[in-house]
Amino acid sequence: IDLILLDIMMPQMDGFEVCKQLKKTKETAEIPIIFVTADHEVIDEAKGFELGAVDYIHKPIKPVVVKARVKSQLILAHTQKELSRLVALRTSELENLNMEIFKILGRAGEYKDNETGAHVRRMSQYAYQIGLAYGMKEEEAKRLEIIAALHDLGKIGIPEHILLKPGKLDKEEWNVMKRHAQIGSQIIGKQTNKLLKDAAMIMKQHHERWDGTGYPKGLSGNDIHIYARIVALSDVFDALLSKRPYKEAWSMEKTKEYIAEQSGLHFDPEVVAAFDKVSDRLYSIRVIESGAE
């Protein structure tokens, strides 16, 4: 439907109420409505415009006037649709650009850690899948996938002799390593953009633990944002399956056993339950992305 010509005086439901209902429904809200009314009818034209009507035509109608009014409103409506389409296109392009920038920054965070960026790609996809299994809507899970890529950006500020040390870190080195959670959020700084604010929050919280024994703040339970709780598990899952300077790669079976053991300790039990639902899918992502590496 491109346009509606609507009488005001009708039995049961009058035109004003019809217009009100049409504007409340997503599928019909943008359709232009022209009210049609008899000259002798006393009506509140302002009320019609407030409800969303675009014009009035008075009876008895003149075909040439009706055609001109309809044509004008159709041109306006089609112009608005085209503008909306262009805005949506530009918005989509900006969102894609944002996603690429986040991925690039995420890879920058892994660069000094002797990674190729595959870890960032994998754990971001894990976070997306776990988010869906947890009950997030597609849009929110996709948002989590984008910002999860920045979780370790703060590693840029950690000296290489600590970051790449093949053995266990001593207490002083470990204290330096833990600073990456704060460094990342400091790099982002105070932002009004919600994506960046959420990314900074994940950087600060992804090493917090459900039981309160994590860092840097010792947060526990639901005081840790759900995004950070999901990223924490995604990060550990991929780290355990990966060979690192200080450890060999674990098997999938051993990794799943560890995550189950840490339910209620390191990890949110509900996030672990979501992980269990999609663990096979996560392992497939692991295999595919590792092969691409």
Side-chain angles (χ1 to χ4, degrees), residues 103 106-107 109-136 141 144-145 148-153 155 158 160 162-170 173-174 177-178 180-181 202-203 205-215 224 226-293:
K103 286 178 179 177
R107 287 197 293 271
E110 296 296 325
Y111 184 76
K112 287 178 65 177
D113 200 14
N114 204 26
E115 281 277 1
T116 63
H119 169 66
V120 170
R121 293 196 304 271
R122 291 191 300 258
M123 65 82 52
S124 296
Q125 291 180 59
Y126 303 155
Y128 168 75
Q129 294 293 340
I130 295 172
L132 289 177
Y134 183 83
M136 288 182 181
L144 175 57
E145 179 183 9
L150 269 66
H151 71 290
D152 270 344
L153 180 61
K155 285 182 177 178
I158 304 301
E160 290 185 12
I162 294 176
L163 199 61
L164 303 179
K165 183 177 179 179
K168 187 176 180 180
L169 300 178
D170 61 32
E173 290 169 334
W174 180 237
M177 175 65 84
K178 289 195 292 186
H180 82 274
I202 283 177
M203 292 176 202
Q205 294 189 10
H206 74 282
H207 283 295
E208 301 287 2
R209 296 178 177 236
W210 183 255
D211 63 3
T213 61
Y215 66 88
I224 308 167
I226 183 56
Y227 290 176
R229 283 180 264 153
I230 290 175
V231 167
L233 194 150
S234 303
D235 192 28
V236 170
F237 174 71
D238 194 66
L240 293 177
L241 290 173
S242 303
K243 184 178 180 179
R244 294 289 172 86
Y246 51 86
K247 63 174 275 296
E248 293 297 320
W250 287 19
S251 68
M252 180 63 174
E253 183 179 359
K254 184 179 178 182
T255 298
K256 288 179 67 176
E257 287 176 359
Y258 175 81
I259 289 173
E261 290 169 0
Q262 291 297 311
S263 178
L265 299 173
H266 191 156
F267 307 119
D268 175 357
E270 291 186 11
V271 173
V272 173
F275 163 81
D276 287 337
K277 293 178 186 177
V278 293
S279 59
D280 290 343
R281 195 175 305 160
L282 303 189
Y283 190 68
S284 296
I285 292 170
R286 164 80 194 182
V287 172
I288 292 169
E289 288 292 347
S290 297
E293 184 180 3

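Residues Tyr126 and Arg286 form a side-chain contact, since some pair of their non-hydrogen atoms from C-beta on lies under 4.5 Å apart. Under the 4.5 Å side-chain criterion, counting only non-hydrogen atoms from C-beta, Gln125 is not in contact with Leu282. Two residues are said to be in side-chain contact when any heavy atoms from C-beta on lie closer than 4.5 Å; Leu265 and Gln262 meet this criterion. Met203 has its side chain within reach of Leu150: a pair of non-hydrogen atoms, C-beta onward, lies under 4.5 Å apart. The shortest distance between side-chain heavy atoms of Trp210 and Val271 does not fall below 4.5 Å. The shortest distance between side-chain heavy atoms of Trp250 and Glu257 does not fall below 4.5 Å. For the pair Ser234/His151, no side-chain contact is recorded, criterion being any heavy-atom separation below 4.5 Å from C-beta on. Side-chain atoms of Ile130 and Leu144, non-hydrogen and from C-beta on, never get closer than 4.5 Å to each other.
To the nearest 0.5 Å, the span separating CD1 on Ile162 from NE2 on His180 amounts to 12.5 Å. Interatomic distance, Arg209 CZ to Phe267 CZ, rounded to the nearest 0.5 Å: 7.5 Å. Once rounded to the nearest 0.5 Å, the distance linking CG of Asp238 with CD1 of Ile285 reads 10.5 Å. Here Thr213 contributes atom OG1 and His266 contributes atom NE2; the two are 7.5 Å apart, rounded to the nearest 0.5 Å. In this structure, CZ in Phe275 is found 4.5 Å from CZ in Phe237, a value given to the nearest 0.5 Å. Note that CD1 of Ile230 is 10.5 Å distant from CD of Glu270, once rounded to the nearest 0.5 Å.
Closest non-hydrogen pair, Leu132 versus Ala141, comes out as CD2-CB, 3.7 Å. When all heavy atoms are compared, the tightest approach of Ala133 to Val278 is CB-CG1, 3.9 Å. Closest approach of Val231 and Ala148 over heavy atoms only: CG2-CB, 3.8 Å. Nearest heavy atom pair, residue Ala149 against residue Val120, reads CB-CG1, 3.4 Å. When all heavy atoms are compared, the tightest approach of Met252 to Ser279 is CE-O, 3.5 Å.
Between the side chain of Glu173 and the main chain of Asp170, a donor-acceptor pair closer than 3.5 Å is present. Checking side-chain atoms of Ser284 against main-chain N and O of Asp280 turns up a donor-acceptor pair under 3.5 Å. For the pair Lys165 (side chain) and Lys168 (backbone), a donor-acceptor distance under 3.5 Å is present.
For Tyr283, the OH atom sits in a loose shell: 12 or fewer heavy atoms of surrounding residues, nucleotides or ligands are nearer than 6.0 Å.
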Query - Stepwise side-chain contact (heavy atoms from CB on, under 4.5 Å) test for Met136 and Ile226 - result: CA-CA 10 Å; Met136 288 182 181; Ile226 183 56; 4.2 Å; yes

Query raised in the report: Where do Asp152 and His206 land on the side-chain hydrogen bond (donor to acceptor under 3.5 Å, both in side chains) test, with the steps shown first?
Result: CA-CA 9 Å; Asp152 270 344; His206 74 282; 3.0 Å; yes

